Amino acid sequence: MTMDSVIAGSNDIFPALMSGLEIEFGSGGVETLARHFIEAESADFHWEARSGERWLGRFEGLDDEGEERDRVAIIGCLDAHWFVAVAIVDGEGEVDRISGLRRFESVRDAQEAYIAAR
């Protein structure tokens, strides 16, 4: 993935989340409420906001009861900040959790962290 493809693929869903919350609850405190939602459902929001993903291998967790899971490096933009994380994804492509979430001010720094993710 080139840096240009990451920039072109930005899928920052934060503005859409704020817009939906404003319709539902009015304009007061919407930004704080949106950040609360993101914090509570971090894995889902970061997975949906990803603009790139790279398979890292099978996840060998102790609590998966025989279900196959994969480790996937993800990169994207959420709330105007670039992020990189490792997502644990089931066989249906649904995210279970994320780990190692890091936020960046620049796409270049995020790209370097994404390439280095293991």
Side-chain angles (χ1 to χ4, degrees):
M1 172 183 297
T2 66
M3 192 174 316
D4 291 337
S5 67
V6 171
I7 293 170
S10 175
N11 188 29
D12 190 347
I13 59 176
F14 191 77
L17 173 62
M18 285 200 24
S19 178
L21 290 172
E22 191 170 285
I23 290 168
E24 186 70 26
F25 300 108
S27 60
V30 171
E31 189 171 333
T32 300
L33 185 58
R35 288 199 173 93
H36 176 73
F37 273 96
I38 289 172
E39 184 178 322
E41 300 293 333
S42 181
D44 291 322
F45 278 104
H46 286 89
W47 181 250
E48 290 301 318
R50 76 193 185 285
S51 58
E53 61 184 76
R54 182 169 50 89
W55 187 77
L56 298 174
R58 275 193 39 99
F59 175 71
E60 302 292 337
L62 299 175
D63 62 343
D64 290 328
E65 301 175 9
E67 295 179 29
E68 291 188 21
R69 304 234 189 262
D70 292 313
R71 296 176 64 249
V72 178
I74 60 173
I75 185 171
C77 188
L78 182 61
D79 191 13
H81 290 90
W82 287 93
F83 68 86
V84 172
V86 173
I88 307 303
V89 182
D90 68 17
E92 301 296 318
E94 298 292 324
V95 67
D96 181 56
R97 62 189 150 227
I98 61 171
S99 64
L101 176 65
R102 296 173 53 200
R103 291 182 180 87
F104 301 90
E105 295 297 321
S106 77
V107 67
R108 184 175 310 273
D109 291 342
Q111 180 73 15
E112 289 173 7
Y114 176 73
I115 291 167
R118 298 185 182 268

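When reading the values below, keep in mind they use all heavy atoms of this one structure, side chains included, and skip hydrogens, waters and symmetry mates. In what follows, residues are counted from 1 in the order of the sequence shown. What you see is a predicted model, and the numbers here were worked out from it, not measured in a lab.
Residues V95 and V84 do not share a hydrophobic cluster, clusters being chains of Ile/Leu/Val/Met/Phe/Trp/Tyr side chains in contact below 4.5 Å. In the hydrophobic cluster analysis, where Ile, Leu, Val, Met, Phe, Trp and Tyr join through side-chain heavy atoms closer than 4.5 angstrom, I98 is grouped together with F45. Residues L17 and F83 share a single hydrophobic cluster, defined by chaining ILVMFWY side chains whose heavy atoms lie under 4.5 Å apart. In terms of hydrophobic clustering, with Ile, Leu, Val, Met, Phe, Trp and Tyr side chains grouped at heavy-atom distances under 4.5 Å, F25 and I13 are assigned to a common cluster. In this structure, W82 is not a member of the same hydrophobic cluster as W47, with clusters built from ILVMFWY side-chain heavy atoms closer than 4.5 Å.
Taking CD of E92 as the start and CD of E67 as the end, the distance is 10.0 Å to the nearest 0.5 Å. In this structure, CD on Q111 lies 4.5 Å from CD1 on I115, to the nearest 0.5 angstrom. Distance OG/S51 to CG/L78: 11.0 Å, rounded to 0.5 Å. Atom CD of E112 sits about 7.5 Å away from atom OG of S106, to the nearest 0.5 Å.
Inter-residue side-chain proximity for L101 and H46 is flagged as met; some heavy-atom pair is nearer than 4.5 Å. Between R69 and V89 there is no side-chain heavy-atom pair separated by less than 4.5 Å. The shortest side-chain heavy-atom distance between L56 and V86 falls under the 4.5 Å cut-off. Between D96 and F59 the shortest side-chain heavy-atom distance does not fall below 4.5 Å.
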With a cut-off of 3.5 Å and sequence neighbours excluded, list every side-chain donor-acceptor pair involving residues 30-38.
unit_1: E31; atom_1: OE2; unit_2: R35; atom_2: NH1; d: 2.5
unit_1: E31; atom_1: OE2; unit_2: R35; atom_2: NH2; d: 3.1
unit_1: R35; atom_1: NE; unit_2: D79; atom_2: OD2; d: 2.7
unit_1: R35; atom_1: NH2; unit_2: D79; atom_2: OD1; d: 3.0
unit_1: R35; atom_1: NH2; unit_2: D79; atom_2: OD2; d: 2.9

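Side-chain atoms of Y114 never come within 3.5 Å of backbone atoms of A85 as a donor-acceptor pair (strictly under, hydrogens ignored). With hydrogens and angles disregarded, a donor-acceptor distance shorter than 3.5 Å links the side chain of R71 to the backbone of R118.
Aromatic ring centroids of H81 and F104 lie 6.0 Å or more apart.
By the 6.0 Å contact criterion, CZ on R102 is open, its count of non-hydrogen atoms from other residues, nucleotides or ligands being 12 or less.
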From CA spacing to verdict: salt bridge (charged side-chain N to carboxylate O under 4.0 Å, His left out), R50, E48: CA-CA 6 Å; R50 76 193 185 285; E48 290 301 318; 5.1 Å; no

